[in-house]
Amino acid sequence: MNCEEIEELGGAYALWALPEVTLREVEAHLTSCPNHSRIAGLRAVAFGMALAAPERDPPPTLKARLMESIQRGAAREAEGEHRDVSARRRMVWAPRPLAPYALAAALAVAVAGLLAWNLALQTSDDSGKSATIVRTLTNGGSAGGRVLLLAEQGLAVITVDGLAPLPAEKAYQVWAISKGEPTGIGLFNASESGEASAVLRADLSRVEAIAITIEPATGSPQPTTAPVLSAEI
Amino acid sequence: MELLYDRLAGRAFGLAYRILRDSHSAEDVVQEAFLCLWRDAHRLSSDRGSVTSLLMTMVHHKAVDLLRARRGRAADPLPLDTDGLAQQSTADVIEAVTNSLGRDAVRQALGSLPDEQRRPMLMAYFEGLTHVEIAEALGIPLGTVKSRLRLGLEKMRTALGFEPPA
């Protein structure tokens, strides 16, 4: 299938309405082709369809049944750990194949949606005091991005593009700087296409700047390289 | 897990019931989805909050798989990317989005679509029909179904304020 055919199938794909063979073809294409960010967006919208179903209380017996299964599963896993953990797990929980693109990419695009949404909120908020801050991340070069701070929720949403994917032993580390002191708030890597997004939890009440540096994959206690991107808050 | 259940069971069961129209199967699907969630709990970073999107997606796909199996097709359940989802810290952004938008906005957006787009979307999402089956059921060309599904979603996106990335 070529890109045009994939795009035509985007709606059906997002709504999980493709026959299996076609689904696999589409996913194989999407995994290796960077041209379909719009489809990922449709996937996020399709997720919203789940909300259109009316809520309904399950019978109370279901909860009891579930909790019992969980306890049984936990007991079996604990028992299995004395023997061969991996084999045991496989017996209890069959491994499943992966389709890495589908939902992950939709989620990344949903970040863009949230940014747009929050921008809309921000401009409609006339009280002058907004808990939501959006800043542009720059380095004066080709890479760029946006950081959205939801101070009240303690969430930082970062979307970037133009960053080189790093080898496995390296990662991009995000720093929240307050009173000149950087605190590492999370790690991410960029995709082949140079895009990345991350949602990080942090205390953002007094943050003055956000910076991104390249560090070892496990992160550093303090930045050890110059920022590749940064934004004053 | 218990707290999670109390918070999400109504939504999950509502979705499964909407698709399967049968309380027993819906219970099975919800139970299975929660079990998957529990099994994956070590990979979900709980401090990042939301697992709603993962749970609801599992419920949807499992329910549709079951519906299709009932119709005598798709003996192999389709793969579901829980791994990708679990590792995406963006999962809780979906939660934020859906919480702020809310079900009313989704229903409104869906309701504002012309019937010729809404109908195939509902057939796909809630009745588990493939685009080929929708074309047959409605007696319209496959290409038309493809474009209506796509257009309907695009319109919903606009109505919900999800603008495509620049």
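Lettering of chains follows the sequences in order, A, B, ..., and the numbering in each one begins at 1. Since this is a predicted model, take the numbers as computed values, not measurements.
In terms of heavy-atom proximity, A:Pro59 sits nearest to B:Glu27 at CG-OE2, 3.0 Å. Annotation for B:Leu15 and A:Ala50: closest pair CD2-CB, 3.9 Å, computed over non-hydrogen atoms.
By the side-chain contact (heavy atoms from CB on, under 4.5 Å) test, B:Arg21 is found to be paired with B:Arg18, residues two or more places apart in sequence or in another chain being considered. Annotation: side-chain contact (heavy atoms from CB on, under 4.5 Å) contacts of B:Arg118 (sequence neighbours excluded): B:Leu110, B:Leu113, B:Asp115, B:Leu122.
Looking at A:Arg65 and B:Asp28, their side chains come closer than 4.5 Å, going by heavy atoms from C-beta outward. Side-chain atoms of A:Lys63 and B:Asp6, non-hydrogen and from C-beta on, do get closer than 4.5 Å to each other. Contact annotation: the side chain of A:Pro58 never approaches that of B:Tyr17 to less than 4.5 Å [non-hydrogen atoms, C-beta and beyond].
Looking only at distances, a side-chain donor or acceptor of B:Arg107 sits under 3.5 Å from a matching main-chain atom of A:Ala52.
Within the structure, every pair that satisfies the ring pair (Phe, Tyr, Trp, His ring centres under 6.0 Å) test and touches residues 105-155 of chain B, not counting sequence neighbours, is listed here: B:His60-B:Tyr125.
Along residues 137-153 of chain B, the residues that come nearer than 4.5 angstrom to chain A, judged on non-hydrogen atoms, are B:Lys146, B:Leu149, B:Arg150, B:Leu153 in order of number.
A:Met67 touches chain B through its side chain: at least one heavy atom from C-beta onward sits under 4.5 Å away, while N, CA, C and O do not. For a residue to count as touching a neighbouring chain, one of its non-hydrogen atoms must lie under 4.5 Å from one of that chain's; by this rule B:Met123 does not touch chain A. In this structure, chain A has a heavy atom under 4.5 Å from the side chain of B:Val30, while its backbone stays farther away.
The greatest number of non-hydrogen atom pairs below 4.5 Å with chain A, out of B:Ala9, B:Gly111, B:Ala12, is found for B:Ala9.
Within 6.0 Å of atom CD in A:Glu169, more than 12 heavy atoms from other residues, nucleotides or ligands are found, so the atom counts as buried in its surroundings.
Distance check: B:Gln31 CD to A:Leu62 CG gives 6.0 Å after rounding to the nearest 0.5 Å.
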